[in-house]
Amino acid sequence: MTTLAYFEGRIVPIEQAQVSITCHTLHYGTGCFGGLRGYWNETHEQLYAFRLVDHYTRFLNSAKLLMCRFDYTPQQLADITVELLSREGWRQNCYIRPIAYKDDGVFRVWLHDANDKIAIFSQPVGKYLEADKGAKVCVSSWRRVDDTAIPARGKVNGAYVNSALVKSDAMLSGFDDALVLNQDGHVSEGSAANFMMVRDGAIVTPPITSNLLEGITRKTLIQLAREELGLEVIERDIDRTELYIAEEAFYCGTGVQVAAIGSIDHRLVGNGSTGPITQQLRDIYFRVVLGEMPKYSHWLTPVPVLETV
Ligand code: PMP
């Protein structure tokens, strides 16, 4: 259970981290957030936070899109997070949620000249379960928010109405999730995860100009696929019908990690379970986040264990 939050410049009991009903961001979606993970390595007896500075760089970039004015650097936010996690003392995997919001009243619908604030809290998440059955996915009738309307490249609160419309529609129609097309009809991403597929043995993924979140897991897997598996990774537009003939397809993101897609619009992908390349990438990803591949230890921040007296 979460007990602490970074709020108004201090770490406080979570009950004290409250915003007002008049909060601008609550009304207009004018905030942004992040989603990070800490991985508990049982053998090392160590919690590793994954790519903190990269996540906070994206977070501050999302805030910049919203004209937030912060003096924090990514490293400062990383240090605050480490202190928060250290004081929570998680001995299991956890999820970390920073949020930037405009702590103003509701009368001015603008971004500039606002009282911008940052809060951070974390919570335990269950151990990852090996899922060999791929997700049942459709192509959504909703389109992804366009960069000319609300930027998808940052984690902007208000844009998550788009994700929620996609997700609920898919689930209530009997699917696990949906892939979303952008305004020009190419594949963008899932409701809350980036998308990759395998064609002719190469990994293909939409470019960051396709109205998708600039995912940290996406970036990580592109590097691991090239460096560790020697695979070709192609960033290019993906047509809807290419989805139907992909050899493998999977989602990637901090939440889903690496999750196989078993069918798209009722067409089986491969044999419907985790494909061989997806499996290899997933195995490497978990070794990296658990601190078992020293080559990538610069992506991990070990969280110090506080001595209890
Ligand atoms: N796209 C969307 C819309 C998301 O919400 C997420 C989850 N943060 C992702 C992609 C994956 O991004 P990341 O790998 O940085 O978690």
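For ligands, and for the atoms within them, numbers begin at 1 and follow the listed sequence.
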Check your understanding: Will you find, in the side chains of Y244 and D265, an N or O donor that is under 3.5 Å from an N or O acceptor?
Key -> yes
Check your understanding: Under 3.5 Å, is there a donor-acceptor pair linking the side chains of R144 and N162?
Key -> yes
Point to revise | Neighbouring protein residues of ligand 1 - any heavy atom closer than 4.0 Å | key: H55, R58, R144, K155, Y160, E189, S191, A192, A193, N194, L213, G215, I216, T217, C252, G253, T254
Check your understanding: Any side-chain donor paired with an acceptor under 3.5 Å for E189 and N194?
Key -> yes
Check your understanding: How would you list, by chain and number, every residue that makes a side chain to side chain donor-acceptor pair (under 3.5 Å) with R236, sequence neighbours excluded?
Key -> E242
Review point. Do T205 and E235 have side-chain atoms, one donor and one acceptor, less than 3.5 Å apart?
Key: no
Check your understanding: Judged by modelled atom types alone, do Y95 and R97 share a side-chain donor-acceptor pair under 3.5 Å?
Key -> yes
